[in-house]
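Structure record follows, encoded as structure tokens.
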2 protein chains.
Amino acid sequence: MLAQAQTALRRARHVVPRTLSLLSAQVPASSQYHHRRPRPSAPWILGASVAGLALGSAFCEQTPETEETEDHAAPVAAGEVRLDLPTFSFEEVQKHTGANRSGTWVVYRHGVYDITKFIASHPGGTKILLAAGNSIEPFWQLYAAHNHADVHKILEKLRVGNLRDEDVEMLEKLRKERYGDGPYSKDPTRHPALKVNSSMPFNAEPPPELLMQSFITPNDLFFVRNHLPVPDVDVENFTLKISGLGIAKDKQVEFTLDDLKRKFKHHTVTTTIQCAGNRRAEMSGVKQVNGLSWDTTALSTANWTGVLLSDVLASVGVTDEDSRDGQCDCEVGENGGVCDDCNAVIQHVQFEGLDADTEGKTYGASIPVATALDPRKDVVLAFEMNGETIPRDHGYPLRVIVPGTVGARNVKFLHRIVLSSEESPSFWQQRDYKGFPPNVDYTRDDFWKFAGDSIQELPVQSAITEPKNGSVHFVDDATDSSIVTVKGYAWSGGGRNIIRVDISVDGGKTWTPAELHESGKRQKYNRAWAWTPWELDVEVPPGTKKLDILCKAVDASYNVQPDTIAPIWNMRGVLNNAWHRVHVTMEESEEEEDEDESSEDD
Amino acid sequence: MLAQAQTALRRARHVVPRTLSLLSAQVPASSQYHHRRPRPSAPWILGASVAGLALGSAFCEQTPETEETEDHAAPVAAGEVRLDLPTFSFEEVQKHTGANRSGTWVVYRHGVYDITKFIASHPGGTKILLAAGNSIEPFWQLYAAHNHADVHKILEKLRVGNLRDEDVEMLEKLRKERYGDGPYSKDPTRHPALKVNSSMPFNAEPPPELLMQSFITPNDLFFVRNHLPVPDVDVENFTLKISGLGIAKDKQVEFTLDDLKRKFKHHTVTTTIQCAGNRRAEMSGVKQVNGLSWDTTALSTANWTGVLLSDVLASVGVTDEDSRDGQCDCEVGENGGVCDDCNAVIQHVQFEGLDADTEGKTYGASIPVATALDPRKDVVLAFEMNGETIPRDHGYPLRVIVPGTVGARNVKFLHRIVLSSEESPSFWQQRDYKGFPPNVDYTRDDFWKFAGDSIQELPVQSAITEPKNGSVHFVDDATDSSIVTVKGYAWSGGGRNIIRVDISVDGGKTWTPAELHESGKRQKYNRAWAWTPWELDVEVPPGTKKLDILCKAVDASYNVQPDTIAPIWNMRGVLNNAWHRVHVTMEESEEEEDEDESSEDD
């Protein structure tokens, strides 16, 4: 496929002199500040030898402005022809890959851009280099969040020229041959109740009042966090492959679904899966962060049935003992470190999904081997979700469920496991889903050196799901006190049980513990993978006009939620577990009058 | 011994008419508000058949006033003769045990007290009933924190009469026969650098600047948290006994120290042990709490060598599998619950120490069976501390080390393990070392119903050890900026590694990550039992007069410390892990002038 594309490119090669030239005559003049022609509705394709530019959409929704770039005039919409700038051939663009001090150029529609100085401040890091000397459109097609005015504005500041019309057409023709209706055309249909945060890739959360109607979330309402198009898996030819360190010879390392189902004991685990970006919208209220604007319900709970990862790994000769006594026999290893020899020891279990970008680069993530091999951690290779075959949006045909661990490591469409001394090489492990200190943002050149450890287990969390923030609570009689029933969820990573949820209606001066539901409370010690729903009836004095409700939870390690967001603010907008606050307006109900009216109608 | 004491009491019996009488003539008159006679220097003894009144000293240091008790005039020091009240015989006092609506009386020196109404608000709960109809002094002797003016004041409000002089003498004689120089007379000598928070039982913490001089704390400087006198163990006859559920027949259930050392593989674990009350002094700054006033160093780190608890339990037939698949085969059990049948399944591993109160009641605690049987948790029965035989203050000859778990469960002088469906019946498991919501204090009758789960794993913690709070930092030249080196520790329970420590010198508006020491960083994932020391050089602008420094840590689960203390305040003063703050004054150094003076002397 790659060779085919390269051939097509070679055929389309038209050399333009390296000296700058004005735009060719066939391009009609256009006034500045107006679109010259309608933006093509279909996206373009990257035809040359670059690997996928795996920018998490969460990472890029609001790419910040960089102060480094020169403030070129940006007189046209992104990718439109600029009459004031020279025109280049695609061949010329391809020479600017950053090698030999050539500078780094990319193409977007008719635009040619020099991103050399922008690379350091690119939210997705140096992954942008994968588009060097080529078109960025195939990646923006995958990560539709780039199609945003703010991103376009930044791009146009980097503009250096125009791409020849014949090259624009050639790339468009290639795209059509290759993709037809686009990579998302085979995505499944979704439940209309879901609140969509991004449609390509599809990311959506359930309405809070529906979510908390049951301990187990119905499959249709389970929040969806996709990083790429949903793959159309040929289950007849599907296998799970295991490779890497420590695998004993002559062991079966490729399993059909049927093999997994027949050879290993089935195991059902009830877990709440939470996205690292849950409650990101609130964090943006303190200071803008990058990523999908998740509200409070980027989490859901299901029963997952499959086989224990530890059983499957034991069948290839990799057991708990290997990781427990860890590292190697050298002094460094005994002290918990990793020496050169130790590097040969399994430290991480990597997972690879079948969901891929334009170039076939798949989603991937890894977990520490200690988690993978500990049967107490209940890591399951699941083929059923709530008693049904896993729906396509949730990982059909196989998904690894890593209870108590951030959703990003619960890899969907799982088709390969790699045992390694290193974390997954994927963008989402290496450059995304990490914490940052509160004072680091994209305006710093060196922001990346402050990246924290890959997020694995999540901190203690709780949120109010009813009443909804900004809602109106109707009071029957304003002269009487009324009851507001407050509901929500609490959950903590690592299986840590929820032992208390405190509610305050006076800004945190006083607190009252909520009632915890039995379904959450009865979970095993340190294996409480699912949330604990809670509720509390709050008596509101007569005449109250506004009600501010706060909640905070305590887990079995007595970890608590921090008071405020600012000190945990991070540029990625992840890990928001500050106290949750909702504001409710109290109004006198006109229900009785309505009833009178309806009786009149009768 | 008990029978002997009862016989002595019977011999000394002198019946006094039940009608109230004035104090006998041999007691000289004394002015109100002045001590009538010197308080006996040696404490008394409880001679009759009551079990130990196990009040944690931490629980009782500042017993709050109760509003329920009638406000009797308290014209004398606690236990002095009150001429305005009747005199009772000891036999009469013994009738008031609360049975048959008799009311509940206790004796303190010459005083007789009706505690009937006080019981509900006693910080130590109903344990006070164990002294019913008897003397409370043997317990106050053990928990010397009761010897506090506030406690005495409360006691005198409950005064109903005087004890006959001959009975006071009888009890004093008994005490001398039994104890000689008192239960603490055989305690070891301690390092003079330790800051003593209570001498009987001995509780002390190292100076912060000494503590952080090394990753491993020298044995002499390791903080001491004793609940009772240090036992004088006859190691020749010492054994560890294992009893309770699930032990296979014909297994060895009693081990000498030598058995343990010979039969099981030795295992060394490096752990930081932290008291639940660490940083209690700060919590009292928000609102008074009960307990020893620990500063920031009720924690220390050592290498503990012994044998794995899981190995020892496996040798009696109790293995990991039993607890992992847990509970029982019924539906309730599978959902993580406990049915009646399940009660027969091991849920907790109880530990009993040899440190005992007057009546032989020993210190005890328990941990969940999942922790005890999981070899990844590194629970060790230790006989060595930093390569030496464990010192008496730290548990000689055997101590269970439960890494990542509150100090209180690391039972010293361990001589018995009980496998049970229940937590330890000890006061310290049932009534102490639990969290409470912030709005519950001893003024509520029903405070006990708000008690949280027994504290096991601790939350993420950090504190600044240098500069010390309230210290002066000398600046060479007030016109130049200067460097203040800030040092401290960070640690989290459950083995969760420390991944970041943030420092702020502007009240939390901006933060800078500190440098984490390698010794802390190189610990294994989720088995980081020891702390992570850190430091940061802070540049202070010229002219700065005051410096407020804050720190907060992040652990591998991205749990963070809460911003403030008030929302985590609890009446027991435990679990204070809010941001730590120190205030430093900056002054210009006079060093150069001093040097000039000394050169003049030369």
Side-chain angles (χ1 to χ4, degrees), chain A residues 270 324 326-327 332 335-338 347 368 370-371 374-376 435 437-439 450 452-453 455-460 492-494 496-497 499-500 502 504 508-513 522-528 552 554-564 566-568 574-575 577 579, chain B residues 324 326-327 332 335-338 347 368 370-371 374-376 435 437-439 450 452-453 455-460 492-494 496-497 499-500 502 508-513 518-519 522-528 552 554-564 566-568 574-575 577 579:
Chain A
T270 307
R324 191 197 312 156
Q327 281 87 2
V332 178
N335 286 322
V338 182
Q347 304 278 355
T371 306
D374 185 352
R376 287 179 187 282
N439 275 75
F450 293 97
D453 288 13
I455 301 170
Q456 296 285 347
E457 291 182 2
L458 289 173
V460 60
S492 188
R496 291 179 284 279
N497 314 59
I499 63 168
R500 207 179 75 226
D502 295 330
S504 175
K509 283 194 207 82
T510 62
W511 299 89
T512 306
R522 71 182 180 197
Q523 298 179 84
K524 290 180 190 170
Y525 176 73
N526 263 2
R527 288 166 84 191
K552 65 179 172 82
V554 183
D555 75 13
S557 285
Y558 279 95
N559 271 306
V560 298
Q561 298 177 240
D563 311 19
T564 58
I568 57 166
V574 288
L575 301 160
N577 73 328
W579 300 351
Chain B
R324 191 198 312 156
Q327 281 85 3
V332 179
N335 287 321
V338 182
Q347 304 278 355
T371 306
D374 185 352
R376 287 178 186 283
N439 274 75
F450 293 97
D453 288 13
I455 302 169
Q456 295 286 347
E457 291 182 3
L458 288 173
V460 59
S492 189
R496 291 179 284 278
N497 313 61
I499 63 167
R500 206 179 76 226
D502 294 330
K509 282 194 209 82
T510 63
W511 299 88
T512 306
E518 277 305 315
S519 47
R522 71 183 178 194
Q523 299 178 84
K524 290 181 189 169
Y525 176 72
N526 262 2
R527 287 166 85 192
K552 65 179 173 80
V554 183
D555 75 14
S557 285
Y558 279 95
N559 270 305
V560 298
Q561 299 178 238
D563 312 19
T564 58
I568 56 165
V574 288
L575 302 159
N577 73 327
W579 299 351

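Chain identifiers are assigned alphabetically (A, B, ...) following the order of the sequence lines, protein sequences preceding nucleic acid strands; residue numbering begins at 1 within each chain. Note that the coordinates shown come from a computational prediction; the quantities given were computed from them, not determined experimentally.
- The part of B:Leu575 that comes within reach of chain A is its side chain, from C-beta onward, which places non-hydrogen atoms under 4.5 angstrom from that chain.
- When atom types are taken as modelled, the side chain of A:Tyr558 and the backbone of B:Gly435 share a donor-acceptor pair closer than 3.5 angstrom.
- Contact annotation for A:Thr371: only side-chain heavy atoms (C-beta onward) come within less than 4.5 Å of a heavy atom of chain B.
- Between the B:Asn559 side chain and the A:Asn559 main chain, no donor and acceptor come within less than 3.5 Å of each other.
- Listed options A:Ser492, A:Gly493, A:Pro437 were ranked by heavy-atom pairs under 4.5 angstrom with chain B; first place goes to A:Pro437.
- Between chain A and the residues B:Thr512, B:Val560, B:Asn577, B:Val574, the most heavy-atom pairs under 4.5 angstrom are made by B:Val560.
- One finds the CZ atom of B:Arg500 at 10.5 Å from the CZ atom of A:Phe450 (value rounded to the nearest 0.5 Å).
- Panel note: side chain A:Lys552, backbone B:Pro567; a donor-acceptor pair is recorded below 3.5 Å.
- You'll find the side chain of B:Asp453 stays beyond 4.5 Å of the side chain of A:Asn497, heavy atoms only.
- Counting heavy atoms from C-beta outward, B:Trp511 and A:Pro438 have side chains that approach closer than 4.5 Å.
- Atom CG of B:Asn526 is separated from atom CD of A:Glu457 by 4.5 Å, given to the nearest 0.5 angstrom.
- Of all the heavy atoms in B:Gln561 and A:Pro562, the pair that sits closest is O-CB, 4.3 Å.
- At a 4.5 Å heavy-atom cutoff, the contact between B:Asp502 and chain A is made by side-chain atoms alone.
- Residue contact with chain A, scored on non-hydrogen atoms closer than 4.5 Å, is absent for B:Ala566.
- Across all non-hydrogen atoms, the minimal contact from B:Lys509 to A:Asn439 is O-OD1, 4.3 Å.
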